[in-house]
Amino acid sequence: MPFSFNFDPSAFGGGFNPGGAQGGGFTPPQPRPRKPRKAIGNAFTRTLLNAAVTLVFGAVYFYLELPALNPHAEEFYVFVFLLCAVYCVCAVFTSGFQGEGVKGYFGFVKRQCTVPFLVFLALIAAIAVGSLTSWVVLRAGAYSELLPLDTGDFTAEVEEISYDQIPMLDADSASRLGARKLGELADMVSQFEILPTYTQINYQGRPVRVTSLRYGDLVKWFTNRADGLPAYLIIDMVSQEAEVVRLEEGMKYTTAEHFGRNLYRHLRFHYPVMMFAEPVFEIDEEGTPYWVCSRIVKTIGLFGGTDVKGAVLVNAVTGESAYYEEVPNWVDRVYSYDIIMQQYDFYGMYHNGFINSIFGQRDVTVTTEGWNYIAIDDDVYMYTGVTSVTSDQSNIGFILSNQRTKETKFYPCAGATEYSAMASAQSQVQQMRYEATFPLLLNIADQPTYFMALKGEDGLVKMFAMVNVQQYDIVSTGSTVAECEINYRQTLAHRGLIDAGDADIDAPHETDALTETVEGVIDDIRSAVINGTTQYFIRLEDGKDYGYFQLSAADVPLAVLLNAGDRVEISYYPAAGGVAQPASDVRLLEADRTQATPPTQVIPYDEVAPDQPEGPKFLENEN
């Protein structure tokens with residue numbers, strides 16, 4: 001029987017008939033009604049489960065992020081917001097979402113998340129009120145009083161500093177010296193690196209920078225963590241010597257550690273409500289390493305008026321810690337530069353009111369961009385300039401602030417900004433392309449003076465410069481600090497700013513130990529004009545290890561009469577760097593008579609320049 005196929009469209013319910021409903025049109029399939037998700041357990045069980053998940057999340061977050069449990073800390077509010085959000089999300093999954101649309105959602109929140117929702121609203125209100133009470137527009141007077149400020153007399157209160165107290169290195173140069181020193185130690189360089197945050201302190205009466213080591217990477221931490229970090233570095237900022245101090249027992253509580261021995265975690269678990277500034281590494285007078293962790297407080301409203309109230313000292317070896325509201329005297333760094341500068345800016349901007357800081361700007365001042373540190377009376381002071389808010393070309397004064405006590409004084413002194421002084425010093429040696437470091441402020445012959453190091457392209461100190469604050473066209477340089485000061489004092493005397501007697505190289509704070517004497521026969525003598533003055537470079541036959549001695553014709557006129565073969569006695573300052581030893585005096589002991597050219601008549605110094613102050617004289621007067 002042959003197969004036959006009869007197609008009946010009506011079997012599809014009229015789906016191919018466009019005649020509408022009466023013609024049996026196509027009816028799309030209807031979605032199945034959504035079944036409500038079943039709740040987990042009863043209300044008490046769900047609440048316990050939601051709270052447990054929230055607590056686990058909170059514990060993990062607290063361990064990783066370490067927020068301070070303090071309503072003055074912004075991270076505290078983030079932490080609580082996240083806890084509320086996690087609880088609500090858990091409630092969605094454990095209770096199921098009931099209701100439709102926005103109205104249904106809020107109804108669900110009201111039933112299941114009342115407590116976290118109320119906490120959320122309370123935090124929002126606290127933030128709003130706290131921000132309003134901290135608003136500088138309303139509290140300008142309080143902000144201007146954060147930094148107690150006295151006015152001082154710089155030349156009367158700041159003594160002339162001795163050479164062994166003048167820091168000659170900046171942070172970059174110290175870092176280079178430290179890296180070079182660590183590279184010499186084969187047993188350490190492959191496993192450890194240097195923590196880049198050097199801290200300037202006074203250690204046994206010397207200005208130094210100190211820093212800790214850190215592990216090279218995670219694997220090296222794992223293989224060395226049992227013994228801890230074996231050493232720290234000391235960079236002497238005067239002698240420019242780097243020392244690696246090995247410890248009998250390694251440091252186990254540092255910023256380079258992980259888990260429970262990590263310094264930040266160690267602090268947070270012991271002091272959960274305290275807020276801290278960035279910890280700084282210091283050593284006490286016995287060389288024991290510590291972390292100084294300044295306690296941050298908010299003194300205006302909830303979030304304003306950042307200040308420091310004491311510090312927690314953590315022994316880097318044992319982890320023992322203690323909070324001191326009055327820190328021990330050996331601690332040098334409690335107040336950071338940014339807090340001090342911010343508080344002065346508040347004073348400079350708002351001591352005449354907030355409106356005046358915008359309109360009129362009478363007596364409105366701010367700190368300059370840079371800062372530096374200097375040791376005074378076994379404390380470290382931060383220095384920065386102060387300039388008018390309407391001008392950045394000159395300073396009206398500067399501040400010195402004790403970084404341990406925050407005792408701050410303003411010294412009025414109109415003059416050049418630090419960067420103008422740096423540019424002036426660099427132009428003095430522009431042919432050498434040296435770069436000036438940010439200056440220190442020194443008292444030289446009762447003259448406020450910028451002192452700075454001049455670095456070569458290799459980052460090492462080559463020369464030094466002094467620039468007068470009030471007249472920054474007065475610039476003197478030298479291969480050593482002693483030579484630089486001699487030149488600077490003489491320039492001040494020539495300009496009439498100090499008496500000629502104050503320009504004497506035997507300055508009140510110098511010692512005879514700074515000058516040494518050598519005798520010998522001149523083997524080579526050369527001259528060059530530097531900064532408009534003829535400089536003579538002398539090398540002795542039997543003193544080649546000394547290199548060349550540098551003499552200025554303006555300071556020692558006898559230098560122009562010397563020849564190779566003359567026997568002389570030279571007084572000089574041992575150089576810490578540079579190409580020549582700076583000499584302060586020369587005496588002719590015996591003139592060479594074997595020169596091919598006609599002999600030069602040697603005339604006593606007082607006959608060459610009878611009007612000049614008493615100077616060096618020949619021991620022998622020969623034709």
Side-chain angles (χ1 to χ4, degrees), residues 67-81 119-151 271 273-278 293-311 323 325-326 334-369 371 382 384-392 396-410 412:
L69 304 181
N70 189 319
H72 293 283
E74 289 84 353
E75 66 265 22
F76 168 75
Y77 296 90
V78 175
F79 181 46
V80 179
F81 284 151
V119 171
F120 179 84
L121 292 179
L123 292 178
I124 293 295
I127 292 174
V129 174
S131 299
L132 187 63
T133 57
S134 306
W135 194 17
V136 68
V137 175
L138 302 179
R139 306 295 302 276
Y143 278 96
S144 69
E145 296 172 355
L146 285 172
L147 183 68
L149 197 65
D150 294 325
T151 300
Y271 306 93
V273 300
M274 285 189 181
M275 299 181 294
F276 294 103
E278 184 67 20
C293 312
S294 302
R295 180 191 176 189
I296 296 295
V297 294
K298 304 290 185 177
T299 61
I300 302 176
L302 272 181
F303 309 117
T306 302
D307 206 349
V308 173
K309 187 177 182 180
Y323 170 66
E325 192 162 322
E326 297 291 335
V334 177
Y335 291 85
S336 62
Y337 73 89
D338 53 344
I339 287 180
I340 294 173
M341 293 176 68
Q342 182 188 63
Q343 290 188 355
Y344 180 84
D345 287 344
F346 285 143
Y347 166 80
M349 291 289 291
Y350 305 126
H351 67 280
N352 285 326
F354 179 81
I355 300 299
N356 179 74
S357 69
I358 300 176
F359 304 103
Q361 298 184 328
R362 178 173 54 89
D363 296 332
V364 175
T365 58
V366 292
T367 55
T368 52
E369 295 182 1
W371 68 93
M382 189 214 76
T384 187
V386 175
T387 184
S388 170
V389 73
T390 59
S391 173
D392 58 0
I396 63 171
F398 47 87
I399 61 172
L400 288 177
S401 183
N402 189 313
Q403 290 198 283
R404 178 173 59 86
T405 65
K406 204 179 73 169
E407 178 186 356
T408 305
K409 283 196 174 182
F410 170 74

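Nothing fancy with the numbering, it's 1 onward along the sequence.
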Taking the six-membered ring for Trp, are the ring centroids of [X] and [Y] within less than 6.0 Å of each other?
X: Tyr323; Y: Tyr271; result: no
X: Tyr347; Y: Tyr344; result: yes
X: Phe76; Y: Phe81; result: no

Of the non-hydrogen atoms in [X] and [Y], which two are nearest, and what is the gap between them?
X: Tyr77; Y: Pro71; value: OH-O, 2.8 Å
X: Thr405; Y: Tyr335; value: C-CE1, 3.9 Å
X: Phe303; Y: Ser134; value: N-OG, 3.0 Å
X: Ala311; Y: Ser294; value: CB-CA, 3.9 Å

Residues Thr306, Lys298; criterion side-chain contact (heavy atoms from CB on, under 4.5 Å); working and verdict: CA-CA 5 Å; Thr306 302; Lys298 304 290 185 177; 2.8 Å; yes
Keeping [X] on the side-chain end and [Y] on the backbone end, is there a donor-acceptor pair under 3.5 Å?
X: Ser357; Y: Phe354; result: yes
X: Glu75; Y: Pro67; result: no
X: Asn70; Y: Val273; result: yes
X: Asp363; Y: Asn352; result: no
X: Thr368; Y: Gly385; result: yes

Check against side-chain contact (heavy atoms from CB on, under 4.5 Å), Glu145 and His351: CA-CA 8 Å; Glu145 296 172 355; His351 67 280; over 6 Å; no
Do [X] and [Y] come close enough that some side-chain heavy atom pair is under 4.5 Å?
X: Phe79; Y: Leu69; result: yes
X: Val389; Y: Thr365; result: no
X: Lys309; Y: Glu325; result: yes
X: Asn356; Y: Val364; result: yes
X: Leu400; Y: Thr408; result: no
X: Leu149; Y: Lys409; result: no
X: Val366; Y: Met349; result: yes
X: Val297; Y: Val308; result: no

To the nearest 0.5 Å, tell me how far [X] [atom1] sits from [Y] [atom2].
X: Met341; Y: Ser401; atom1: CE; atom2: OG; result: 11.0 Å
X: Leu146; Y: Ile339; atom1: CG; atom2: CD1; result: 10.5 Å
X: Met274; Y: Arg295; atom1: CE; atom2: CZ; result: 4.5 Å
X: Thr133; Y: Ile300; atom1: OG1; atom2: CD1; result: 10.0 Å

Residues Phe410, Val386; criterion side-chain contact (heavy atoms from CB on, under 4.5 Å); working and verdict: CA-CA 9 Å; Phe410 170 74; Val386 175; 4.0 Å; yes
Ring pair (Phe, Tyr, Trp, His ring centres under 6.0 Å) partners of Tyr143, counting only residues at least two apart: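 Residues passing ring pair (Phe, Tyr, Trp, His ring centres under 6.0 Å) with Tyr143: Phe346.
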Pair Ile340-Thr367, side-chain contact (heavy atoms from CB on, under 4.5 Å): steps then yes or no: CA-CA 10 Å; Ile340 294 173; Thr367 55; over 6 Å; no
Distance-only side-chain donor-acceptor flag, Thr299 / Asp307, under 3.5 Å: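 No - no donor-acceptor pair under 3.5 Å links their side chains.
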Whether over 12 other heavy atoms sit under 6.0 Å from Gln342 CD: yes
Heavy-atom neighbours of Glu369 CD exceed 12 at 6.0 Å: no
